[in-house]
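Just below is one structure, and these are the notes that go with it.
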Number of protein chains: 2
Amino acid sequence: MTEQPDLTPTPPTPLEQAKTQFIQLWGASAANWGINRTMAQMHALLLVSPEPLSTEDLMTQLQISRGNASMTVRDLIDWGLVYKELRAGERREFYVAEKDMLQVTRCIIRERKRRELDAMKRSLDQLATLPGDENDPNYREFHRTLTDIQQIADGADRVLGGLMRAERNWFLDKFLRLFM
Amino acid sequence: MTEQPDLTPTPPTPLEQAKTQFIQLWGASAANWGINRTMAQMHALLLVSPEPLSTEDLMTQLQISRGNASMTVRDLIDWGLVYKELRAGERREFYVAEKDMLQVTRCIIRERKRRELDAMKRSLDQLATLPGDENDPNYREFHRTLTDIQQIADGADRVLGGLMRAERNWFLDKFLRLFM
DNA sequence: CACAAGTTTCAATAATTATTGAAACTTGTG
DNA sequence: CACAAGTTTCAATAATTATTGAAACTTGTG
């Protein structure tokens, strides 16, 4: 009599449940900020994994297709949040997350600043060059709005630039002192 | 021979074109950050309008339905970015944007902090309470990740809180000094 | 070079999110 | 109270965004 392989999955441990909840939380938070949910979920999964994971691992743990896993992991690598790990004599690839959360924060700030803030500033600069009649309230309001937003954008640029260059304790230390 | 009403729309002036481009830009930027595009477009339109606009104005200028206009303007009011203006003897309502961009920035920061950061912090706190075996690498990695993210979240909380309380010149002045 | 063991691409499709528009509602006036 | 002139709600639908999965590709090995 041969042993039947046990196909009933073992119930998840509390730790596994908590991991799943964390993955969901990270995914939902990212989605609120216009970042692909699956990308953030994969990031969370890799963050809490002590070992590098294979594509197969990512697919089963997140329940996504191979194509999705491939595209999403590439995005994470592009962001600088995940590294590819190749093993001698292994054909398949493994992936590890950057674990230093300060470094992670810098990557995220850098990418978002580059992709959105910098692009927006260029467009604003271009629109703000429009000449017009200072006595036309429509022109005045348009121009005032643009220059005001440019000021804010410049401020945001500097704040984000500063945060990117911030050393480990600035976040909790300097800012505390500065603002409290 | 009666005069035919001229139905061909006059071609847009350069200023009108620039306004439209600005509305598109503001909408696209917001969409990148997970904010409804139409809401941002309406906000942009009201920002550059020297006069309050009626629902009808919003509908025609943004080419949206009455229902959409109604819902979107309400969201803007909820965010504190737009005020309702009632006129004596007029049944319809007019809307004006908050024009002080520093105030606008504070509103946006306040809302996003409240809706996303605060909610996330609560969930993180809850997940971080999970007890476990410090010798289990899975638990160690999970717990390290959570506490690291909590630190970043606390830092972000303080930075945003500080920015909200910032006076007019902090953005361009203090931050310049602090980070450059 | 043929094959095995993977990864990547992308057109088709599914899932999600935003919008419409008609009905219900509100509010002021004769 | 009936009506006019608006606003709001929300189920149906449209538009957008994300995902699948099969075919094409890559790369190392006998």
Side-chain angles (χ1 to χ4, degrees), chain A residues 23-46 52-79 82-96 112 115-116, chain B residues 23-46 52-79 82-96 112 115-116:
Chain A
I23 290 167
Q24 291 302 114
L25 173 64
W26 202 236
S29 302
N32 282 335
W33 292 88
I35 290 171
N36 182 285
R37 179 185 301 261
T38 302
M39 173 168 140
Q41 288 179 334
M42 188 179 285
H43 185 219
L45 172 59
L46 287 164
L53 299 181
S54 67
T55 304
E56 213 68 41
D57 295 330
L58 296 173
M59 287 166 62
T60 53
Q61 296 213 44
L62 298 175
Q63 312 218 66
I64 59 175
S65 70
R66 184 171 298 280
N68 196 354
S70 166
M71 290 184 295
T72 301
V73 86
R74 176 151 46 80
D75 287 344
L76 284 169
I77 291 170
D78 288 346
W79 277 65
V82 165
Y83 309 110
K84 193 178 281 195
E85 193 186 278
L86 297 170
R87 290 181 183 176
E90 275 261 44
R91 189 176 296 263
R92 67 208 166 122
E93 296 163 356
F94 289 81
Y95 306 98
V96 219
R112 300 233 78 178
R115 293 177 194 216
E116 279 111 38
Chain B
I23 289 167
Q24 291 303 115
L25 173 64
W26 202 236
S29 303
N32 283 336
W33 291 88
I35 289 171
N36 182 284
R37 179 184 302 261
T38 302
M39 173 168 138
Q41 289 180 335
M42 189 180 287
H43 184 218
L45 172 60
L46 288 165
L53 298 182
S54 66
T55 305
E56 212 69 40
D57 295 331
L58 297 173
M59 287 167 62
T60 52
Q61 297 213 42
L62 298 175
Q63 312 217 69
I64 59 177
S65 70
R66 184 170 299 280
N68 195 356
S70 167
M71 289 185 295
T72 302
V73 85
R74 177 151 45 80
D75 287 344
L76 283 169
I77 291 170
D78 289 346
W79 277 65
V82 165
Y83 309 111
K84 192 178 284 195
E85 194 187 276
L86 296 171
R87 292 181 181 175
E90 274 262 43
R91 189 177 295 266
R92 67 208 165 122
E93 296 163 356
F94 288 81
Y95 306 99
V96 217
R112 300 233 77 178
R115 292 178 194 215
E116 279 111 38

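Each chain gets a letter, A, B and so on, in the order the sequences are listed, and its residues count up from 1.
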- Message: In this structure, how many angstroms lie between the P atom of D:dA12 and the CG atom of B:Asn68, rounded?
- Response: 19 Å

- Message: On DNA chain C, does the nearest nucleotide to B:Ser65 precede the nearest nucleotide to B:Gly89 from the 5' side, or the other way round? Give the residue.
- Response: B:Ser65

- Could you tell me whether B:Arg92 contacts a base, only the sugar-phosphate backbone, or nothing, with contacts defined as non-hydrogen atoms closer than 4.0 Å? sugar-phosphate

- Message: If you only use heavy atoms from C-beta on, which nucleotide in D:dT7, D:dT19, C:dT7 is closest to the side chain of A:Thr55?
- Response: C:dT7

- Query: Can you find a side chain N or O atom of B:Thr38 that sits less than 4.0 Å from OP1 or OP2 on C:dT19?
  - Reply: yes

- Query: Heavy atoms under 4.0 Å, any strand shown: does A:Arg74 hit a base, just sugar-phosphate, or nothing?
  - Reply: sugar-phosphate

- Note on the structure: Of the candidates D:dG6, C:dA4, D:dT7, the side chain of A:Arg91 sits closest to C:dA4

- Atom pair CG/CZ of A:Asn32 and B:Arg115 - distance to nearest 0.5 Å: 10.0 Å

- Message: Using a 6.0 Å cut-off, check whether atom CD of B:Gln63 has over 12 heavy atoms from anything other than its own residue.
- Response: no

- Within the pair A:Ser70 and C:dT9, is there a side-chain N or O less than 4.0 Å away from OP1 or OP2? no

- Task: Look through every strand shown and name the nucleotide pairing with D:dT27 as Watson-Crick or G-U wobble, where both distances are under 3.5 Å.
- Result: C:dA4

- Message: Output the rounded distance in Å from CD1 (B:Ile35) to C1' (C:dT17).
- Response: 15 Å

- Message: Can you tell me if B:Asn36 touches the phosphate of C:dT19, counting only side-chain N or O atoms and a distance under 4.0 Å to OP1 or OP2?
- Response: yes

- Task: Whole angstrom is fine here: how far is it from CE in A:Met39 over to P in D:dT17?
- Result: 16 Å

- Query: Can you tell me how far NZ of B:Lys84 sits from CG of B:Leu76, rounded to the nearest 0.5 angstrom?
  - Reply: 12.5 Å

- Message: Expressed as a whole number of angstroms, how long is the span from A:Arg37:CZ to C:dA15:C1'?
- Response: 11 Å

- Taking it one step at a time, do B:Tyr95 and B:Glu93 satisfy side chain to side chain donor-acceptor pair (under 3.5 Å)? CA-CA 7 Å; B:Tyr95 306 99; B:Glu93 296 163 356; 2.8 Å; yes

- Item | Watson-Crick or G-U wobble partner of C:dA11, both distances under 3.5 Å | D:dT20

- Query: For B:Arg66 and D:dT7, is the shortest distance between a side-chain N/O and OP1 or OP2 below 4.0 Å?
  - Reply: yes

- Item | Value in whole Å for how far the C1' atom of D:dG6 lies from CZ of B:Arg87 | 15 Å

- Query: Does any N or O in the side chain of B:Thr60 come within less than 3.5 Å of the main-chain N or O of B:Glu56, such that one atom is a donor and the other an acceptor?
  - Reply: yes

- Rounded interatomic separation in angstrom, taking CE from A:Met42 and P from D:dA18: 14 Å

- Query: When you check the side-chain N and O atoms of A:Asp57 and A:Ser54, is any donor under 3.5 Å from an acceptor?
  - Reply: yes

- Which nucleotide in the list C:dT20, D:dT27, D:dT7 gets nearest to the side chain of B:Met71? C:dT20

- Message: Please compare A:Glu90 and A:Gly67 by the position of their nearest nucleotide in DNA chain C and report the one closer to 5'.
- Response: A:Glu90

- Query: How many Å lie between CG on B:Asp75 and P on D:dT7, as a whole number?
  - Reply: 16 Å

- Message: Measure CD1/A:Ile64 against P/C:dA14 and give the value in whole Å, please.
- Response: 19 Å

